[in-house]
There are 2 protein chains.
Amino acid sequence: MPKDKAPTRIQRKNRLTILEAALDVFSSQGFRGATVDQIAAVAGLSKPNLLYYFPSKEAMYDAVLSQLLYTWLDPLRTLTPEGDPLEEILSYVRLKLEMSRNYPRESRLFANEIVQGAPRIHQVLATDLKQLVDEKAAVIQGWIDAGRLAPVHPYHLIFSIWSLTQHYADFDVQVRAVLGQEDPFAAAPDFVETLYRRLLSPAGA
Amino acid sequence: MPKDKAPTRIQRKNRLTILEAALDVFSSQGFRGATVDQIAAVAGLSKPNLLYYFPSKEAMYDAVLSQLLYTWLDPLRTLTPEGDPLEEILSYVRLKLEMSRNYPRESRLFANEIVQGAPRIHQVLATDLKQLVDEKAAVIQGWIDAGRLAPVHPYHLIFSIWSLTQHYADFDVQVRAVLGQEDPFAAAPDFVETLYRRLLSPAGA
DNA sequence: CCTCGGTTTGACCGTTTGGTCAAATCAAAG
DNA sequence: CTTTGATTTGACCAAACGGTCAAACCGAGG
């Protein structure tokens, strides 16, 4: 392992290559399903070389996961009390849907981790994520109390957005199997927009 | 392995015990994450004994999965052209939600399989499932054309029901982490019912 | 050119895992 | 009780896997 001095050019490049390959393999096979040899093959490096840059397979997984967590929670932060309530939520939905389209591996890795009980990120969910959702749910509840949004359970509204948007990435094969050759993301944006407009438009509209 | 004659009482009992244990372990660890020893421990039998009843670990997985598939697609079959459109869909939604509550292991096993690309059931999805969904989507489209349901993309409507209801089983830990000690299924039925009423109620209502 | 720290790898190790097998045990029929 | 086929298991095997290590390699500074 390199000293804890400033990383060299080669170190930066190889670390990125490895993380990229690890994301590929972990997201499609899960942690236990993935092997270091597979990751090495995808990265185009030898197995001992991977273990020169990361102390263990678990360290690779943790690195991929923590890097992912940071960007994964980001879209929710963009939801702010200013601006039109419905448009705020719709743009959050659109953002999440585009992340599913553009970063399906990240979505699947996250799904894998959660489905298996989130053994490694349970703490983050119960603290950081909960705090963030509490905060945004309060914003939504505020809009509802002000009559600017039809009444809904704010937490379950957020859950519904997660499940709906991530479904297109996580269950991609199922969606494709049912739709035939049609592109799943063709009609999805219109559908979710319609759904949340009808769900959330205040009564008078 | 037993002959292919009529199964004895012991065979029936042990096969069921093993499948139950296998569902437990496969659903929480995935196929590669599960070990035959784990399943044996849960079943209270020895490892060679499991392999006396099933030729391989994969055979156990296939048995669990195919048994699951049959019941999993069943709720959708209950959706029939007769009866009130909105109520038909709402009762399908309620059925799916109860399955998530009562059979979370099945839901998670299915999710695991799909997320990892559905290597073993791809064929079933592209034939049986697609055919069933095609049929039901046509029913829904018929209701829409008759003005008895607000216009929506029928396929994506079905996807949304799957994702929403299964989310409570598959992402259980995440939902619980965010909600604190609150029971996720307490408010869920009301939420989904509200959602689909607002989405689907015909314009004039 | 040489040096030296960073980098790469072939060979290897201990453990885990899926699966086998012969021998032991059990249970039902005669 | 005895027999016979079904059932159970301790011991074992080969392959796969995560990880180690000493030796080789490489590239930038002197």
Side-chain angles (χ1 to χ4, degrees), chain A residues 1-65 112 116 119-120, chain B residues 1-65 109 112-113 116 119-120:
Chain A
M1 334 162 192
K3 302 283 170 64
D4 50 5
K5 306 287 175 176
T8 70
R9 181 172 30 89
I10 294 180
Q11 281 173 32
R12 267 196 301 273
K13 196 193 91 185
N14 280 351
R15 262 192 235 269
L16 282 181
T17 305
I18 293 169
L19 286 180
E20 180 66 17
L23 174 60
D24 234 67
V25 177
F26 282 134
S27 69
S28 64
Q29 314 268 51
F31 177 73
R32 297 240 6 211
T35 71
V36 179
D37 285 289
Q38 279 180 318
I39 301 174
V42 173
L45 299 171
S46 68
K47 180 169 73 165
N49 206 359
L50 296 215
L51 294 162
Y52 170 72
Y53 288 102
F54 292 89
S56 68
K57 174 186 172 184
E58 192 151 359
M60 296 177 211
Y61 188 75
D62 288 346
V64 171
L65 199 58
N112 242 308
Q116 304 202 353
R120 297 152 211 274
Chain B
M1 334 161 192
K3 303 281 171 62
D4 50 6
K5 306 286 175 178
T8 70
R9 180 173 31 90
I10 294 181
Q11 279 172 32
R12 266 195 302 275
K13 197 194 89 186
N14 280 350
R15 264 192 234 268
L16 282 180
T17 306
I18 293 169
L19 286 181
E20 179 68 17
L23 174 60
D24 233 68
V25 176
F26 283 135
S27 69
S28 63
Q29 313 267 52
F31 177 73
R32 298 245 359 216
T35 72
V36 179
D37 285 288
Q38 278 180 321
I39 300 174
V42 172
L45 299 170
S46 69
K47 180 170 74 167
N49 206 359
L50 294 217
L51 293 163
Y52 170 73
Y53 288 101
F54 292 89
S56 68
K57 174 186 172 184
E58 191 151 1
M60 298 177 208
Y61 188 76
D62 287 346
V64 171
L65 199 59
L109 182 64
N112 241 308
E113 176 68 14
Q116 304 199 355
R120 297 152 212 274

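In what follows, chains are A, B, ... by sequence order, proteins preceding strands, each numbered from 1. Please read these numbers as outputs of a predicted model, since none were measured by experiment.
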For atom [atom1] of [X] and atom [atom2] of [N], their distance in whole Å:
X     : N      : atom1 : atom2 : answer
B:Y52 : C:dC26 : OH    : P     : 15 Å
B:Q11 : C:dA28 : CD    : C1'   : 14 Å
A:I39 : D:dA16 : CD1   : P     : 18 Å
B:R12 : D:dT7  : CZ    : P     : 11 Å
B:N49 : D:dG10 : CG    : C1'   : 13 Å
A:L50 : D:dG18 : CG    : P     : 11 Å
B:L45 : D:dT8  : CG    : P     : 7 Å

Generate the contact string for nucleotides 22-28 of chain D. Rules: B means base contact, S means sugar-phosphate contact only, - means no protein heavy atom under 4.0 Å. ------S

Using the salt bridge (Lys or Arg N to Asp or Glu O under 4.0 Å) rule, collect all pairs that involve residues 35-46 of chain B, keeping only residues at least two apart or in two chains. B:D37-B:K47

Sequence neighbours excluded - salt bridge (Lys or Arg N to Asp or Glu O under 4.0 Å) pairs with any residue from residues 27-36 of chain B: none

Validation row: B:D62, B:E58 side chains within 4.5 angstrom (heavy atoms): yes

Can you give me the N/O atom pairs linking the protein to nucleotides 17-23 of chain C at distances under 3.5 Å, or say none if there are none?
residue, atom, partner, partner atom, Å
C:dT17, OP1, A:R32, NH2, 3.4
C:dG18, OP1, B:A34, O, 3.2
C:dG18, OP1, B:K57, NZ, 2.8
C:dG18, OP2, B:V36, N, 3.0
C:dG18, N7, B:K47, NZ, 3.1
C:dG19, OP2, B:K57, N, 2.6
C:dG19, O6, B:K47, NZ, 3.1

What's the spacing between [X] [atom1] and [Y] [atom2] if we round to 0.5 Å?
X      : Y     : atom1 : atom2 : answer
B:Y52  : B:I18 : OH    : CD1   : 11.0 Å
A:L45  : A:I39 : CG    : CD1   : 11.5 Å
A:N14  : A:R9  : CG    : CZ    : 10.5 Å
A:R120 : A:L65 : CZ    : CG    : 8.0 Å

Ignoring backbone atoms, test whether B:N14 places a side-chain nitrogen or oxygen under 4.0 Å from the OP1 or OP2 oxygen of D:dT8. yes

Phosphate contact (C:dT7 OP1 or OP2) by A:T8 side-chain N/O below 4.0 Å: yes

Applying side chain to side chain donor-acceptor pair (under 3.5 Å) to B:Q116 and not counting sequence neighbours gives A:N112

For B:Y61, which residues count as a ring-ring contact (aromatic ring centres under 6.0 Å, His included) partner, sequence neighbours excluded? B:F26, B:F31

